[in-house]
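Below: the structure, in structure tokens.
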There are 2 protein chains.
Amino acid sequence: MTTYAPAEASERTGLTLDTLRYYERLGLFGPVRRTTAGRRVYSDHDVAWVGLLVCLRNAGLGISDLQRLMGRLRDSGSSTGVVELLEEHRSRLHGEIAKMSVALDVLDGKIAHYREAAGQSKK
Amino acid sequence: MTTYAPAEASERTGLTLDTLRYYERLGLFGPVRRTTAGRRVYSDHDVAWVGLLVCLRNAGLGISDLQRLMGRLRDSGSSTGVVELLEEHRSRLHGEIAKMSVALDVLDGKIAHYREAAGQSKK
DNA sequence: CTGCGACCTGGAGTGCGCTCCAGGTCAACT
DNA sequence: AGTTGACCTGGAGCGCACTCCAGGTCGCAG
């Protein structure tokens, strides 16, 4: 099993060392193995997991959402609640996209409007 | 020209009184007319304008983006820069949506994964 | 043995976008 | 005249998600 020093884990996940530690502190992943000297040794499992975290954050989930999710996954093999949680966020995500699309349309309208206005000298 | 008391403007825009005042302070719209006693009287032009602001915020534009936009619109009839600004954000918005779609796909994958896992007792 | 750089910790600081508050004014109702 | 209640101001406070920092430890190269 491949392992990574902090710097490399940072590079692979795209998160800073600080953020990596921050996420670990919050229990979003880990606990991460340590050397006898106390230095972190990330497994590729850790790195993959963080990849998922990043993805979910991109999807607009907040830290507390992720914590809840981790809670579900940790205690019990109750993967059951997890599916609902994810699906809930899936639909939320759809809503977000819809909202953005509306904004996009309005934006298009405004662009057309101002482009037209630019043709004439004044309003 | 219809006018609105603060409470009604709040209702129509969906923003709180505080947020309305906040946006005004930042110069995102206005200046709003006042009664002799100093109370705000919003015009329907104000309200419509705030509607656009809300929409742009939904689209993910930050306060500073909006300020820059207002700057362009205020000084000069240079509606020119405005179009570019909006188009830039339009493409940014597309990017966001794309990113979210990716997250959505990953989410779907995970849901499938956990749903399957729920079928068996353990990993 | 001395540097040096990567890493450690706990905690303070940052930027954003509001949100709340105290203390005051004003208009209308009873 | 008194009592609401909507509104005013300037400024403090908040929640989120980091981000930075001081002060210290470790391991290796020279």
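Owing to the predicted nature of the structure, the values given are computational and were not obtained by experimental measurement. Per chain, numbering begins at 1; letters A, B, ... match sequence-line order.
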Could you measure the distance from the [atom1] atom of [X] to the [atom2] atom of [Y]? Nearest 0.5 Å is fine.
{"X": "D46(B)", "Y": "L20(B)", "atom1": "CG", "atom2": "CG", "value": "9.0 Å"}
{"X": "N58(A)", "Y": "S101(B)", "atom1": "CG", "atom2": "OG", "value": "12.0 Å"}
{"X": "H94(B)", "Y": "L104(A)", "atom1": "NE2", "atom2": "CG", "value": "4.5 Å"}

Quick one: what's the B/S/- string for nucleotides 4-15 of chain D, heavy-atom cutoff under 4.0 Å, read 5' to 3'? --BSSB-B----
Would you please test Y42(B) and T3(B) for side-chain contact (heavy atoms from CB on, under 4.5 Å) and show each step? CA-CA 5 Å; Y42(B) 296 92; T3(B) 59; over 6 Å; no
Hey, is the side chain of Y23(B) poking within less than 4.0 Å of OP1 or OP2 on dG17(C), counting only N and O atoms? no
So, OP1 or OP2 of dG17(C): does either fall under 4.0 Å of a side-chain N or O from T19(B)? no
Would you indicate whether the side-chain heavy atoms of D18(A) and Y22(A) approach each other to under 4.5 Å? no
Contact list please: residues 47-67 of chain B against DNA chain C, heavy atoms, distance less than 4.0 Å, in numerical order. R57(B), G62(B), I63(B)
Spacing of [X] atom [atom1] relative to [N] atom [atom2], expressed in whole Å:
{"X": "L15(A)", "N": "dC20(D)", "atom1": "CG", "atom2": "C1'", "value": "17 Å"}
{"X": "L26(B)", "N": "dC16(C)", "atom1": "CG", "atom2": "C1'", "value": "11 Å"}
{"X": "E24(B)", "N": "dC18(C)", "atom1": "CD", "atom2": "P", "value": "15 Å"}

Is E11(A) atom CD crowded by more than 12 heavy atoms from other residues, nucleotides or ligands, each under 6.0 Å away? no
Between R92(A) and E96(A), is the closest basic N to carboxylate O distance under 4.0 Å? no
SB check E8(A) R12(A) (cutoff 4.0 Å): yes
